[in-house]
Amino acid sequence: MFSSWSFANVSFCQPPAFLMIGIPGLEAVHGWISIPFSSMYTAALTGNCLILLAVRRTPSLHQPMYYFLSMLALTDVGLTLSTMPTTLAVLWFDHRLIGFSACLAQMFFLHFFSVVESSVLLAMSFDRFVAISNPLRYASVLTNSIIVRIGLAIVARATVSLFPLPFLLKRLNFCPGKILLSHSFCFHADVMKRACADITVNIIYGLYVVLSTMGIDSLLIVLSYTLILHTVMSLASPRERIRALNTCVSHILAVLVFFIPVIGVSMIHRFGRPLPPIVHALVAYVYLVVPPVLNPIIYSVKSRPIREAMLRVLRGKRKG
């Protein structure tokens, strides 16, 4: 239907829908592939919801560190829900069409939660810096009102940064025959390449968003840990040094789990054209699915208070 359209008769074209794809080359076994994907989505939602309930129901966890962890868990829930419906629809039912407006909405929320997660990880690094460098003023610096303001600033930053993206795409003239996306969800870099117009503005703005959010956040996180390391090295006792660094392990792992796939996705979209489509798909799934699965595991293993609070929530549900 779309391929029969003529450019001569169309001055401006926006496709009514895009065609998504699951795992390229493995369409015959999508039913089997859906099992691990369903398991990962279930684990991500269960683990992050358990963290939220554990922090809410445990008064001893009403501290800045755990409030920021709740923000991270809530963000991971949002990131999971952004891609889960379309991914499982493709794998379970081979339902591959997504409307143009729905695609732009999914794209906005997908990138929104990614930027929010980056910002939350930065806030958590600031939390660790204050806790280690000035423990006596920790509670007075990171008060509840300050944490609320940080949370609102994170949401406002992501919203302002990403608000123009859907409108920059809606102004483009799309190729009638180029409706096949590279994933089972809508990425900005993927959608804009389906246009038959000059996408220089989209490329520049997309690069600006990445550099001004995740780029700056990653540099500030490195700076935070440089200062933390300097503070730790000034401690007299080796035991105190190990104890201080041990409080940062969970956060460092969460940072690596998030930013390594982010770098991979950015490199793939910029320089990975010669690579097989399956590589593009797998890297994108690692970026969007793996961090929400691993973060609750990391914090439940490394943080005894969180682990015990999560277990109490589970026991309470079983008794109920």
Side-chain angles (χ1 to χ4, degrees), residues 35-84 87-88 113-114 116-132 135 138-139 142-144 147-148 150-151 154-155 221 242-261 285-320:
I35 296 174
F37 271 88
S38 301
S39 302
M40 286 190 290
Y41 280 128
T42 302
L45 292 175
T46 303
N48 286 292
C49 288
L50 274 176
I51 287 178
L52 290 170
L53 288 172
V55 173
R56 181 182 178 185
R57 296 181 181 181
T58 309
S60 61
L61 297 183
H62 294 176
Q63 301 176 34
M65 174 183 176
Y66 300 111
Y67 288 145
F68 286 124
L69 177 58
S70 296
M71 291 184 193
L72 183 66
L74 188 61
T75 303
D76 280 337
V77 169
L79 190 60
T80 300
L81 293 176
S82 296
T83 61
M84 184 178 71
T87 298
L88 293 184
F113 286 114
S114 295
V116 168
E117 180 141 350
S118 173
S119 303
V120 170
L121 289 171
L122 173 59
M124 294 174 82
S125 71
F126 175 70
D127 167 79
R128 291 298 83 209
F129 170 69
V130 174
I132 291 173
Y138 178 59
L142 289 172
T143 61
N144 288 348
I147 293 171
V148 169
I150 291 174
I154 288 171
V155 172
I221 289 171
I242 294 172
R243 184 179 177 184
L245 288 174
N246 195 47
T247 64
C248 301
V249 172
S250 299
H251 179 253
I252 292 172
L253 292 175
V255 167
L256 294 176
V257 162
F258 177 75
F259 278 102
I260 290 176
Y285 285 124
V286 168
Y287 159 52
L288 291 170
V289 179
V290 172
V293 173
L294 290 185
N295 284 337
I297 297 172
I298 290 169
Y299 278 93
S300 62
V301 170
K302 297 298 297 180
S303 175
R304 184 177 176 182
I306 284 291
R307 181 170 64 252
E308 291 176 348
M310 291 172 72
L311 289 173
R312 282 195 296 271
V313 170
L314 287 173
R315 292 187 191 117
K317 285 188 174 182
R318 286 172 185 171
K319 288 179 182 177

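Excluded from the calculations below are hydrogen atoms, water molecules and symmetry mates; all remaining heavy atoms, backbone and side chain alike, are included.
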Residues forming a side chain to side chain donor-acceptor pair (under 3.5 Å) with Ser114, sequence neighbours excluded: Tyr287
Heavy-atom side-chain contact between Val77 and Leu81 under 4.5 Å: yes
With sequence neighbours excluded, residues passing side chain to side chain donor-acceptor pair (under 3.5 Å) with Thr143: Ser145
Contact list for residues 56-77, test ring pair (Phe, Tyr, Trp, His ring centres under 6.0 Å), sequence neighbours left out: none
Salt bridge (Lys or Arg N to Asp or Glu O under 4.0 Å) contacts in which one or both residues fall within residues 291-305, not counting sequence neighbours: Arg304-Glu308
Over all atoms of both residues, closest heavy-atom pair of Ala54 and Leu61: O-CD1, 3.9 Å
pair Val249-Asn246: side-chain heavy atoms closer than 4.5 Å: yes
Minimal non-hydrogen separation, Ala254 against Leu121, with atom names: CB-CD2, 4.0 Å
Heavy-atom closest pair, residues His251 and Tyr299: CA-OH, 3.4 Å
Residue pair Leu294 / Leu253, side-chain heavy-atom distance below 4.5 Å: no
Side chains of Ile132 and Cys248 in contact at under 4.5 Å (non-hydrogen atoms): yes
N/O donor-acceptor pair under 3.5 Å between Thr58 side chain and Val55 backbone: no
Member of Leu45, Val289, Thr80 meeting the side-chain contact (heavy atoms from CB on, under 4.5 Å) criterion with Met40: Val289
Non-neighbouring partners of Ser119 that pass side chain to side chain donor-acceptor pair (under 3.5 Å), sequence neighbours left out: Arg157
Residue of the set Ile298, Val257, Ile260 for which side-chain contact (heavy atoms from CB on, under 4.5 Å) holds with Pro291: Val257
Minimum side-chain heavy-atom gap Thr247-Met65 below 4.5 Å: no
Closest non-hydrogen atom pair, Arg57 against Val313: NH1-CG1, 4.2 Å
Test item: Asn48 side-chain N/O and Pro292 main-chain N/O as donor-acceptor pair under 3.5 Å: yes
Which atom of Leu256 lies closest to which atom of Pro261, heavy atoms considered: O-CD, 3.8 Å
Qualifying residues under side-chain contact (heavy atoms from CB on, under 4.5 Å), relative to Thr87, sequence neighbours excluded: Phe37, Tyr41, Thr83, Leu91, Ser184, Phe185, Tyr285
For Asp127 against Pro64, the heavy-atom pair lying closest together: OD1-CB, 3.7 Å
Arg307 CZ: over 12 foreign heavy atoms closer than 6.0 Å: yes
Polar side-chain atom of Ser125 near backbone of Leu122 as donor-acceptor pair, under 3.5 Å: yes
